[in-house]
Number of protein chains: 2
Amino acid sequence: MEYKKQIEQLIVDFRTNYLSSVSIDFVIFGFHDGQLKVLLLRWKETDKWCLPGGRVRHEENLETAAYRSLQERTGLSEIFLEQFHTFGDVLRYTHFSKEETMGTLGLPQDVLDGFPGRDVSVGYYALVEFARVTPTPDLFTDECQWWDIDQIPLLLFDHNAMITLALKTLRRQLSYQPIGYNLLPEKFTMPDLQQLYETILGQTLDRRNFQKRILGYDILDRLDERKTGGAHKAPYLYRFNKEKYEKALKGEVLFVG
Amino acid sequence: MEYKKQIEQLIVDFRTNYLSSVSIDFVIFGFHDGQLKVLLLRWKETDKWCLPGGRVRHEENLETAAYRSLQERTGLSEIFLEQFHTFGDVLRYTHFSKEETMGTLGLPQDVLDGFPGRDVSVGYYALVEFARVTPTPDLFTDECQWWDIDQIPLLLFDHNAMITLALKTLRRQLSYQPIGYNLLPEKFTMPDLQQLYETILGQTLDRRNFQKRILGYDILDRLDERKTGGAHKAPYLYRFNKEKYEKALKGEVLFVG
DNA sequence: TTTTAATGCGTAGTTTCAACACAATGATAC
DNA sequence: GTATCATTGTGTTGAAACTACGCATTAAAA
């Protein structure tokens with residue numbers, strides 16, 4: 001009963017404070033154990049999974065709304081967040097009717113009357129440091145969990161397509177911008193970084209050429225420390241030079257005929 | 001009076017048939033006289049210009065809506081159209097208040113009551129063959145005209161920023177995908193194509209290297225004809241090989257470590 | 001102390017890219 | 001009809017980037 005009230009209040013809140021027809025969906029990439037992972041939510045009382053999302057307040061910028069929603073879901077504020085596509089197919093809604101949704105939640109169907117039947121959803125992808133995230137489910141979902149990128153189940157709505165496109169965009173981004181600042185701990189080794197790249201690209205890279213290329217970007221500071229503990233030769237630790245990193249992000253290398 | 005009725009009807013139509021909070025804006029690129037041009041609309045009874053736009057019907061896909069709206073504005077159906085960014089800043093609306101808008105149109109302010117104060121706008125850019133376009137103004141605008149890309153005035157809303165980003169995206173697109181199919185007439189010469197590239201990129205290119213690179217893509221068929229009439233040596237005519245062209249569009253060359 | 005396997009640093013071969021040379025050609029001027 | 005001119009078609013060369021691979025070094029384990 002308490003939950004029902006909460007939901008109803010939430011819906012009233014939506015109606016008064018948020019834009020209708022527009023939603024935000026997140027593909028949140030994390031990196032752990034040499035695996036690229038995506039944060040998914042499990043829909044209340046079902047075994048169906050979907051991407052975390054958000055909505056936009058009436059007097060709120062889209063980007064602000066994205067950062068706010070993401071923080072609600074992960075607890076992180078300083079994150080790499082980038083819009084990659086806006087999805088607006090009506091078919092997005094084949095899996096779940098409005099009635100089903102309400103039925104699942106045990107709510108009368110009329111609470112959603114007047115709501116538009118579909119949203120246009122702005123897709124963002126985020127890169128976060130796995131360890132720092134505190135996944136938090138919302139009122140519509142029971143659970144919040146990391147999934148290996150190659151073991152994503154069939155998701156609700158068009159969320160599988162979203163992940164695919166987000167990954168494609170991320171891979172392309174890798175080719176003209178440095179990545180890693182938001183995915184690795186502060187200090188890391190070259191093999192760590194290479195594993196990250198290989199995982200994102202889905203292919204192996206030559207160790208020596210990779211190092212040359214990355215160092216060529218001039219965005220890393222090599223520390224005097226080495227990472228001990230593992231077997232064999234101890235690798236140097238590196239740290240992103242934030243200044244140079246930001247500079248590289250802005251001064252995007254454009255291909256010119 | 002007649003016009004006022006039309007507008008009111010239009011607004012009723014919007015309320016019942018279209019998504020609120022979502023709009024579409026177009027940066028329509030054309031190419032003529034060695035100049036890259038953009039199609040702009042002049043707002044009714046003012047000297048202020050803006051981008052053409054559209055809205056999404058309740059049961060219509062976003063992309064479908066984009067194609068439909070674009071056809072209404074240009075008369076063209078088979079065009080290159082690509083989403084490049086979604087804009088959602090509240091500041092987008094600084095130039096024009098709801099009241100001003102209504103005032104300009106000579107309408108009572110209450111016709112827009114209940115309308116959300118702002119939209120999230122999905123930006124598309126289009127490439128069209130200049131000569132085939134029939135610019136058509138809508139009910140809110142008096143005039144529809146091509147503007148040289150480097151002579152765009154201060155536009156309404158955030159439309160200047162939209163053009164800037166659209167151009168940036170177009171230029172990047174040029175580096176990993178062929179372009180020209182929708183901007184040039186069926187038969188064209190290599191210098192024609194080069195001029196198009198130079199205009200889009202805003203820089204000159206080496207004639208010989210350009211030819212080598214383009215032919216290397218293997219998307220052109222050289223015809224037996226030559227373009228006569230001009231002074232000096234007659235250049236060959238080329239035509240895009242649609243099959244190969246489409247293939248090149250899909251099989252995007254991804255940078256790999 | 002020896003072995004092992006990963007790391008740090010370096011080199012050679014290849015491909016790609018940019019800069020430039022020169023002959024061919026179609027209209028124009030005479 | 002012929003010479004001139006600007007432009008086109010094709011090729012070459014040197015530099016730079018990229019790929020593939022060699023080898024000595026080193027921390028932990030045997």
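Residue numbering restarts at 1 for every chain, and letters A, B, ... go by the order of the sequence lines. Side chains included, hydrogens not; waters and symmetry mates left out as well; all remaining heavy atoms used.
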[atom1] of [X] versus [atom2] of [N]: gap in Å, rounded?
X      : N      : atom1 : atom2 : value
B:K212 : C:dA18 : NZ    : P     : 10 Å
A:M190 : C:dG8  : CE    : C1'   : 10 Å
B:E225 : C:dG26 : CD    : P     : 14 Å
B:F210 : C:dC17 : CZ    : P     : 14 Å
A:L205 : D:dA20 : CG    : P     : 11 Å
B:R213 : C:dA19 : CZ    : P     : 13 Å
A:Q211 : C:dG10 : CD    : P     : 11 Å
B:K227 : C:dA27 : NZ    : P     : 13 Å

Candidates C:dC20, D:dC21, C:dC9 - which lies nearest the side chain of A:N209: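 Closest nucleotide among those given: D:dC21.
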
For B:N160, side chain to side chain donor-acceptor pair (under 3.5 Å) partners two or more places apart: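 Applying side chain to side chain donor-acceptor pair (under 3.5 Å) to B:N160 gives none.
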
Polar pair under 3.5 Å, donor/acceptor by atom type, side chain A:R207, base C:dG8: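 Indeed, a donor on one side and an acceptor on the other fall under 3.5 Å apart.
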
Touch class at under 4.0 angstrom, heavy-atom based, for A:T228 against every strand present: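 Contact class for A:T228: sugar-phosphate only.
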
Those residues of residues 232-240 of chain A lying under 4.0 Å from DNA chain D by at least one heavy atom: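 The answer is A:H232, A:K233, A:A234.
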
Toward the 5' end of DNA chain D, by each residue's nearest nucleotide, B:R226 or A:D206: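 Upstream on the strand: B:R226.
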
Short side-chain N/O contact to D:dT13 OP1/OP2 from B:R208, under 4.0 Å: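 So the side-chain polar atoms of B:R208 never come under 4.0 Å of the phosphate oxygens OP1 or OP2 of D:dT13.
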
What distance do [X] atom [atom1] and [Y] atom [atom2] have between them, rounded to the nearest 0.5 Å?
X      : Y      : atom1 : atom2 : result
B:L62  : A:D89  : CG    : CG    : 8.0 Å
A:Q203 : A:E198 : CD    : CD    : 8.5 Å
A:L127 : A:F29  : CG    : CZ    : 7.5 Å

salt_bridge(A:K247, A:E243) N-O dist < 4.0 Å: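 Salt bridge flag = no for A:E243 with A:K247.
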
Salt bridge A:D142-A:R42, side-chain N to carboxylate O under 4.0 Å: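 Salt bridge flag = yes for A:R42 with A:D142.
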
Aromatic contact, B:F188 with B:F240 (centres under 6.0 Å):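 Yes: the rings meet the under 6.0 Å criterion.
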
